[in-house]
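Beneath this line is the structure, given in structure tokens, with notes to follow.
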Amino acid sequence: MPDFDLSPISAREAKRLFAQWKAAPALVLAVSGGPDSLALMWLAARWRRALSRGPRLIAVTVDHGLRPEAAREAREVKRLAGSLDLPHRTLRWTGAKPKTGLPAAAREARYRLLAKAARASGATHILTAHTRDDQAETLLMRMLRGSGIAGLAAMARESEREGVWLARPLLDVPKSRLVATLDKAKIAFADDPTNRDMSFTRSRLRALMPALAEEGGDSRNLARLASRLARANAAIEVLADGAERYLAVRDHDDATRFGFDAQAFAGLPEEIRLRLLKRAIDRAGHEGPAELGKVEALLAVLDNAIANGQKQSRLKQTLAGAAISLTGGRIYVDAAPPRGSRA
């Protein structure tokens, strides 16, 4: 590991890391008690103190109720927040916990509670402590699941969720530098044993990282790959936007429905067709985002029908609460009736 990756983060670096959110009215800091989020809180507080004017900072800890130590760790976060003159709130995930898919459910609950706290405090952003290591692990997880380019772009520096913005100021920073920052400030941090629980995919991948690093697959290179894929994904999205406008201009005879000329659609590159179809399904459907693999399968059927039958082809399928039809040389994507009401 390069010596720089073991160095504490300076006040000048922190100023650069947080500068993007200087004009926000308030920021919620998601602080769990682990080293990453404690470093986030400490760095953000130091950054804010150096400003004559800047956002209010509110530290929020979510206790998922999954470990007996969590309540004590939340109290330790509150104590440190108080020493930094930051208000602190602990929110609890109550109710029954799922027996399967627990990490994903806990993550959803966490963001839901954080967003609620942000809206209540007038904060426009939630700052999380995702690091370069987290980005590398996320990329690997999505690669193993066969994600498309959009998924392999991994985590963005900013993304919208639950009506507020999630911001990740430390996404290019290795975890080792955050630990070094806390060590220099003499701040103790909690060790969450679930991070080493091999029943979770992320923990198993984390254990593989040293071996991958020996082959060149360290967090720096994996995060660089995610960044390059994000750049490519952004370019493709611009092309998809242009294609959507092109189809709208060519086919505006029925403004009440989303539909377009099948032949014009068929002339576009496959990745663009796929994205346009998924966009339309996600807009019209009522069962959540369509799975990429299912959209790919639907596109293959649609392409085959267009190629073989042209205007004589007829096709009707449903996906993710949307009804996709091909009739009279036109593709339509409408809301499908609820499952219980279908014939």
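None of these values were measured; they are calculated from a predicted model.
- Distance check: Leu170 CG to Leu127 CG gives 8.0 Å after rounding to the nearest 0.5 Å.
- Using a 4.5 Å heavy-atom threshold, the side chains of Val179 and Phe189 count as touching.
- A distance-only check finds no donor-acceptor pair linking the side chain of Arg142 to the backbone of Ser147 [under 3.5 Å].
- Within 6.0 Å of CD in Glu271 there are more than 12 heavy atoms belonging to other residues, nucleotides or ligands.
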Chi angles and distances behind the salt bridge (Lys or Arg N to Asp or Glu O under 4.0 Å) call for Glu270, Arg273: CA-CA 5 Å; Glu270 183 177 357; Arg273 296 200 307 280; 5.0 Å; no

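- Under the 4.5 Å side-chain heavy-atom criterion for Ile, Leu, Val, Met, Phe, Trp and Tyr, Leu40 and Leu166 are members of distinct hydrophobic clusters.
- Placement of Leu43 and Val173 within a single hydrophobic cluster is found when ILVMFWY residues are connected by side-chain heavy-atom separations under 4.5 Å, directly or transitively.
- With hydrogens and angles ignored, the 3.5 Å screen pairs a side-chain donor or acceptor of Glu13 with a backbone N or O of Ser10.
- With hydrogens and angles left out, the side-chain atoms of Ser121 and Arg56 include no donor and acceptor closer than 3.5 Å.
- Residues Leu225 and Leu208 share a hydrophobic cluster, clusters being chains of Ile/Leu/Val/Met/Phe/Trp/Tyr side chains in contact below 4.5 Å.
- The closest donor-acceptor contact from the side chain of Arg119 to the backbone of Glu162 lies under 3.5 Å.
- Screening residues 94-117 for side-chain hydrogen bond (donor to acceptor under 3.5 Å, both in side chains) gives Glu108-Arg161 as the qualifying pairs, with residues at least two apart or on separate chains.
- Thr138 places a side-chain N or O within 3.5 Å of a backbone atom of Asp134 that can act as its donor or acceptor partner.
- With sequence neighbours excluded, the residues that form a side chain to side chain donor-acceptor pair (under 3.5 Å) with Glu237 are Arg275, Arg279.
- When only modelled atom types and interatomic distance are considered, Ser227 and Arg224 share no side-chain donor-acceptor pair under 3.5 Å.
- No cation-pi contact links Arg330 to Phe265, judged by a cut-off of 6.0 Å to the six-membered ring centre and 45° from its axis.
- Sorted by first then second residue, the side-chain hydrogen bond (donor to acceptor under 3.5 Å, both in side chains) pairs that include residues 36-48, not counting sequence neighbours, are Ser32-Ser37, Asp36-Lys175.
- Leu171 contributes atom CG, which lies 8.0 Å from atom OG1 of Thr131 (distance to the nearest 0.5 angstrom).
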Assess whether side-chain hydrogen bond (donor to acceptor under 3.5 Å, both in side chains) is satisfied between Ser203 and Arg196, documenting all intermediate values. CA-CA 5 Å; Ser203 297; Arg196 299 185 302 277; over 6 Å; no

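- Side-chain atoms of Tyr332 and Thr327, non-hydrogen and from C-beta on, do get closer than 4.5 Å to each other.
- Shown here for Ile126 and Ala30, the closest heavy-atom pair between the two residues is CG2-CB, 4.3 Å.
- Between Leu299 and Leu274, the closest side-chain pair of non-hydrogen atoms falls below 4.5 Å.
- Here the straight-line distance linking atom CE of Met143 with atom CG of Leu229 works out to 9.0 Å at 0.5 Å rounding.
- With hydrogens and angles disregarded, a donor-acceptor distance shorter than 3.5 Å links the side chain of Asn308 to the backbone of Asn304.
- Here the CG atom belonging to Leu276 is positioned 11.0 Å from the CD1 atom belonging to Ile281, to the nearest 0.5 angstrom.
- At distances below 3.5 Å, at least one donor-acceptor pair connects side-chain atoms of Asp282 with backbone N or O atoms of Ala290.
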Applying side chain to side chain contact (heavy atoms under 4.5 Å, CB included), run through Ser159 and Arg168 and close with a yes or a no. CA-CA 9 Å; Ser159 57; Arg168 303 174 177 93; 3.1 Å; yes

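- Sorted by first and then second residue, the ring-ring contact (aromatic ring centres under 6.0 Å, His included) pairs with a member in residues 215-243 form an empty list; sequence neighbours excluded.
- Judged as a side-chain hydrogen bond (donor to acceptor under 3.5 Å, both in side chains), the pairs with a partner in residues 14-27 (not counting sequence neighbours) are, in order, Gln20-Arg157, Gln20-Glu158, Trp21-Glu158.
- No donor-acceptor pair under 3.5 Å is formed between the side chain of Arg177 and the backbone N or O of Asp5.
- In this structure, CG on Leu66 lies 11.0 Å from CD on Glu69, to the nearest 0.5 angstrom.
- Taking CG of Leu315 as the start and CD1 of Ile331 as the end, the distance is 9.0 Å to the nearest 0.5 Å.
- Between the Glu160 side chain and the Gly163 main chain, a donor and an acceptor come within less than 3.5 Å of each other.
- Within the 3.5 Å criterion, the main-chain N or O of Thr90 finds no donor-acceptor partner in the side chain of Thr61.
- Cluster membership for Val31 and Val28, using ILVMFWY side-chain heavy atoms within less than 4.5 angstrom, is not shared.
- In the hydrophobic clustering, where aliphatic and aromatic side chains (Ile, Leu, Val, Met, Phe, Trp, Tyr) are joined below 4.5 Å either directly or transitively, Val238 stands alone.
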Walk me through it: do Ser219 and Gln135 pass the test side chain to side chain contact (heavy atoms under 4.5 Å, CB included)? CA-CA 8 Å; Ser219 65; Gln135 183 75 310; over 6 Å; no

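- Checked by atom type and distance alone, the side chain of Thr318 never pairs as donor or acceptor with a backbone atom of Ala323 at under 3.5 Å.
- Taking the side chain as every heavy atom from C-beta outward, Met41 and Leu80 approach each other to under 4.5 Å.
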